[in-house]
Amino acid sequence: MKYPLFHTELKRKTLKNPFLPEHLYYNADEDYFICPMGQHMTYVGDKVRKSDLGYRSFSKLYRAQNCERCPLRGLCFKGKGNRTIDVNVRSRQYRDHAKELLTSERGLYHRSMRPIEPEAVFGQIKHDGRFRRFHYRGSKLTGAEFATIAIAHNIKKMISVMDAKRNGRRLSLPTDVPPAARKRVPKSAAGVSQA
């Protein structure tokens, strides 16, 4: 699954920016980063964030030793004092693993198939089925609600196929047009062709 900034990270502007924390060299043995000027950014402490939902994320803070006379300071950062970066180690590991999977040959194949397979179904459920939001909260209840909607969607498709077979027609594309509406809609618009 793509993480929020996946497409941004693949853009040329982001890939060529050497000042982003993701592009700084990290020495795992001694736990420090190296800035583009070659200065060590050493570990100075931890930071804990708490989301509105109560999730706590932990990150490490790294600070450069002396940014006062650095010729790249204006490009690197605009704050006062020495540059400090905030690195969520766990999030970074997950993101790197996800990026590796998404940019692999198999990941590229699955990403190319996504617009064809599930996006059309989600569009039909949202637009044709008028499903705009979940009525329940919590992963179990929303999972059950979406499973019910998916089952209803599949039953509608199955009825379309059975109806087409019974009437001696062949479906050229999967359709969600109900049988009553097909009588008013031209067959070409409904996605049904004669056998």
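Numbers here simply count residues along the sequence, with the first being 1.
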Would the number of heavy atoms belonging to other residues, nucleotides or ligands and lying under 6.0 Å from [atom1] of [X] be above 12?
| X | atom1 | result |
| --- | --- | --- |
| K2 | NZ | yes |
| Y136 | OH | no |
| Y94 | OH | no |
| R90 | CZ | no |
| H110 | NE2 | yes |

State the [atom1]-[atom2] distance between [X] and [Y], to the nearest 0.5 angstrom.
| X | Y | atom1 | atom2 | value |
| --- | --- | --- | --- | --- |
| C70 | M37 | SG | CE | 5.0 Å |
| N154 | I159 | CG | CD1 | 11.0 Å |
| R133 | T142 | CZ | OG1 | 14.0 Å |
| H127 | R130 | NE2 | CZ | 7.5 Å |
| I149 | K126 | CD1 | NZ | 12.0 Å |
| H40 | N27 | NE2 | CG | 7.5 Å |

Review point. Are R166 and D163 within salt-bridge range, i.e. N to O under 4.0 Å?
Key: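 Looking at D163 together with R166, the answer is yes, because their closest N to O distance falls below 4.0 Å.
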Check your understanding: Hey, does the Lys NZ or Arg CZ of K60 hover above the aromatic six-ring of Y43, less than 6.0 Å from the centre and inside 45° of the axis?
Key ->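 K60 over Y43 ring: yes.
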Testing the basics here: between [X] and [Y], what is the closest heavy-atom pair and its distance to 0.1 Å?
| X | Y | value |
| --- | --- | --- |
| L10 | K99 | CD2-CE, 4.2 Å |
| Y109 | S112 | O-OG, 2.7 Å |
| P36 | L72 | CB-CD1, 4.3 Å |
| L101 | S104 | O-OG, 2.8 Å |
| C67 | R73 | O-NH1, 3.4 Å |

Check your understanding: Passes side chain to side chain contact (heavy atoms under 4.5 Å, CB included), R83 versus F19? Steps please.
Key -> CA-CA 11 Å; R83 181 180 181 189; F19 302 104; 4.1 Å; yes
Point to revise | Sole residue of R63, E30, Q65 in side chain to side chain contact (heavy atoms under 4.5 Å, CB included) with T42 | key: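 Between T42 and the candidates, side chain to side chain contact (heavy atoms under 4.5 Å, CB included) is satisfied uniquely by Q65.
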Is [Y] reachable from [X] through a run of I, L, V, M, F, W or Y residues, each pair having side-chain heavy atoms under 4.5 Å apart?
| X | Y | answer |
| --- | --- | --- |
| L5 | L20 | no |
| M158 | V121 | no |
| V44 | Y32 | no |

Sub-4.5 Å side-chain heavy-atom contact between [X] and [Y]:
| X | Y | value |
| --- | --- | --- |
| M41 | I85 | yes |
| Q39 | F33 | no |
| R56 | S51 | no |
| I34 | L24 | no |

Check your understanding: How far apart are the C-alpha atoms of E22 and T14, what are their side-chain angles, what is the distance that settles it, and do they pass the side chain to side chain contact (heavy atoms under 4.5 Å, CB included) test?
Key -> CA-CA 10 Å; E22 294 83 34; T14 307; 5.8 Å; no
Practice item. Apply side chain to side chain contact (heavy atoms under 4.5 Å, CB included) to H153 and F122, showing your working. Key: CA-CA 10 Å; H153 177 78; F122 287 137; over 6 Å; no
Check your understanding: With R92, which residues qualify under salt bridge (Lys or Arg N to Asp or Glu O under 4.0 Å), at least two apart?
Key ->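 Counting only residues at least two positions away or on another chain, R92 forms no salt bridge (Lys or Arg N to Asp or Glu O under 4.0 Å).
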Check your understanding: Backbone N or O of G74 within a donor-acceptor pair of the K78 side chain at under 3.5 Å?
Key ->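 Yes.
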Check your understanding: Relative to the ring of Y62, is the ring of Y26 parallel (under 30°), tilted (30 to 60°) or perpendicular (over 60°)?
Key ->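 The arrangement is perpendicular - the two ring planes meet at more than 60°.
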Exercise for review: Test Y25 against C35 for side chain to side chain contact (heavy atoms under 4.5 Å, CB included), laying out the working first.
Suggested key: CA-CA 7 Å; Y25 173 77; C35 80; over 6 Å; no
Point to revise | Option passing side-chain hydrogen bond (donor to acceptor under 3.5 Å, both in side chains) with S59 (candidates D46, N88, D86) | key: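 Per the side-chain hydrogen bond (donor to acceptor under 3.5 Å, both in side chains) rule, the option paired with S59 is D86, out of D46, N88, D86.
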